[in-house]
Amino acid sequence: AYHAKIFRAIFQKCSPSHQGLPALFGSFRKKFSGVLHHLELCGIALSKDNPKGDRTPMPTLSPIAPDLLAWFSQNARTLPFRQDPTPYHIWVSEIMLQQTRVAAALEYYDRWMKALPTIRDLAECDEEKLHKLWEGLGYYSRVRNLQKAARIVCQEYGGQLPADHKKLLALPGIGDYTAGAIGSIAFHLPVPAVDGNVLRVFSRLYNDDRDIADPKTKKAYTQWVMEH
């Protein structure tokens, strides 16, 4: 990676019309083919037409989804919302699991589903009971948004979450990841659920050292996830 960056820096100091650059490029390509391969894996293609190595779209690697799914089928934990992955179950579990470990959230999830088995039950629940069910999980804006969204779902969608990614995103408290989880797991929609774990895996998969906290990087990675 160090040599690749140095190599790119050399070419960035040259203008495309730099005398002798085409000949130099050919010489360097032969001598440093391994470095060039590394650059191309990082989405940087050097050529006579692109001597400065402007970033190009990532190459397509072999699809990793089949291997990941095979591993998951053998190693997945048994969880109630996986055994019965209705849209409502996935939604509540994803909101609970924000800033909360799975082991800690399971007791809350079980108690919640016994008390509020449907979206309409959630929408009609009084505030004191709702907060009591959530007590201990913290970040109470999450549960308030859950109820706001539940009321919208009852008013606009007959008490059932919409099988539409954009409509899910429009509901209070549902962001890109949660909408992706509900859409892909409960409705089998071809939408990604990209979190920090996915970003870290793909940064290593493509040997990409860009900041994964940058929204532009996340947007690019989301597109690459869809290609796998």
Side-chain angles (χ1 to χ4, degrees), residues 72 76-201 212-219 221-223 225-226:
F72 181 77
R77 287 178 289 182
T78 300
L79 300 170
F81 40 86
R82 285 180 180 168
Q83 292 178 308
D84 188 15
T86 68
Y88 178 52
H89 291 170
I90 297 300
W91 177 31
V92 172
S93 68
E94 289 296 339
I95 299 300
M96 284 187 172
L97 289 171
Q98 293 172 5
Q99 310 295 328
T100 306
R101 293 179 298 107
V102 173
L106 287 177
E107 182 181 345
Y108 289 91
Y109 176 84
D110 182 60
R111 186 166 66 243
W112 178 285
M113 287 303 163
K114 288 177 180 177
L116 307 172
T118 70
I119 292 177
R120 193 166 297 280
D121 291 322
L122 168 57
E124 296 174 354
C125 183
D126 67 78
E127 185 176 345
E128 184 179 353
K129 178 180 178 180
L130 190 68
H131 282 202
K132 192 67 178 177
L133 287 168
W134 197 265
E135 190 176 45
L137 283 173
Y139 300 95
Y140 282 87
S141 61
R142 292 185 291 171
V143 73
R144 288 193 290 269
N145 281 330
L146 265 170
Q147 189 169 59
K148 286 179 186 177
R151 287 171 176 168
I152 293 172
V153 169
C154 288
Q155 291 168 5
E156 298 185 10
Y157 305 112
Q160 299 297 321
L161 282 167
D164 182 288
H165 188 246
K166 289 184 178 179
K167 290 179 180 179
L168 289 170
L169 279 172
L171 294 171
I174 294 184
D176 288 335
Y177 177 79
T178 304
I182 297 169
S184 60
I185 299 171
F187 293 119
H188 306 290
L189 299 176
V191 291
V194 178
D195 64 359
N197 292 322
V198 174
L199 293 172
R200 283 187 285 274
V201 167
I212 62 173
D214 187 329
K216 292 182 179 178
T217 304
K218 183 176 180 180
K219 183 177 180 180
Y221 281 24
T222 299
Q223 180 59 44
V225 168
M226 293 301 293

Any donor and acceptor pair, going by atom type alone, linking the side chain of R82 with main-chain N or O of R77 inside 3.5 Å?
yes
Would one find more than 12 heavy atoms of other residues, nucleotides or ligands at under 6.0 Å from atom OH of Y139?
no
If you apply the rule side chain to side chain contact (heavy atoms under 4.5 Å, CB included), what do you find for D176 with V194, and how did you get there?
CA-CA 8 Å; D176 288 335; V194 178; over 6 Å; no
Provide the closest heavy-atom pair for I95 versus G173 in the form atom of the first, atom of the second, distance.
CD1-O, 3.7 Å
Give a yes or no on whether the backbone of C125 and the side-chain of Q147 come within a donor-acceptor separation of less than 3.5 Å.
yes
Apply side-chain contact (heavy atoms from CB on, under 4.5 Å) to Y108 and list each qualifying residue two or more places apart in sequence or on a separate chain.
M96, R111, L137
Would you say the side chain of K218 lies within less than 4.5 Å of the side chain of I212, judging by non-hydrogen atoms?
no
Exam field: side chain D110 to backbone E107, donor-acceptor pair closer than 3.5 Å:
no
Minimum heavy-atom distance between A150 and W91, given as atom pair plus value:
N-CH2, 3.7 Å
Could you check whether any side-chain N or O of D195 sits under 3.5 Å from a backbone N or O of V198, counting only pairs where one atom can act as donor and the other as acceptor?
yes
Are side-chain heavy atoms of E135 and K132 found at a separation under 4.5 Å?
yes
Are the side chains of L189 and I182 in touch, meaning some heavy atoms are under 4.5 Å apart?
no
Ring geometry between Y109 and H89 (parallel below 30°, tilted from 30 to 60°, perpendicular above 60°)
perpendicular
Is any side-chain heavy atom of L161 closer than 4.5 Å to one of I119?
yes
Does K167 reach the side chain of I152, with side-chain heavy atoms less than 4.5 Å apart?
no
Contact summary for C154 and A123, nearest pair of heavy atoms:
SG-CB, 3.9 Å
Chi angles and distances behind the side chain to side chain contact (heavy atoms under 4.5 Å, CB included) call for L171, K148
CA-CA 8 Å; L171 294 171; K148 286 179 186 177; over 6 Å; no
More than 12 heavy atoms from other groups under 6.0 Å of CD on Q83
yes
Whether R151 side chain and L146 backbone form a donor-acceptor pair below 3.5 Å:
no
Does a side-chain heavy-atom distance below 4.5 Å link Y177 with Q98?
no
Do W134 side-chain atoms and G138 backbone N/O form a donor-acceptor pair below 3.5 Å?
yes
State, to 0.1 Å, how close A163 and F187 come at their nearest heavy-atom pair, and which atoms those are.
CB-CD2, 3.5 Å
What pairs with W112 under side chain to side chain donor-acceptor pair (under 3.5 Å), at least two apart in sequence or on another chain?
Y88
Side-chain contact, heavy-atom cut-off 4.5 Å: T86 with D84?
yes
Working note: R144 + H131, criterion side chain to side chain contact (heavy atoms under 4.5 Å, CB included); need CA distance, chi angles, decisive distance, verdict.
CA-CA 9 Å; R144 288 193 290 269; H131 282 202; 4.2 Å; yes
side-chain contact (heavy atoms from CB on, under 4.5 Å) against I185, all qualifying residues, sequence neighbours excluded
P85, I90, A181
Under a 4.5 Å cut-off applied to non-hydrogen side-chain atoms, are L130 and L122 in contact?
yes
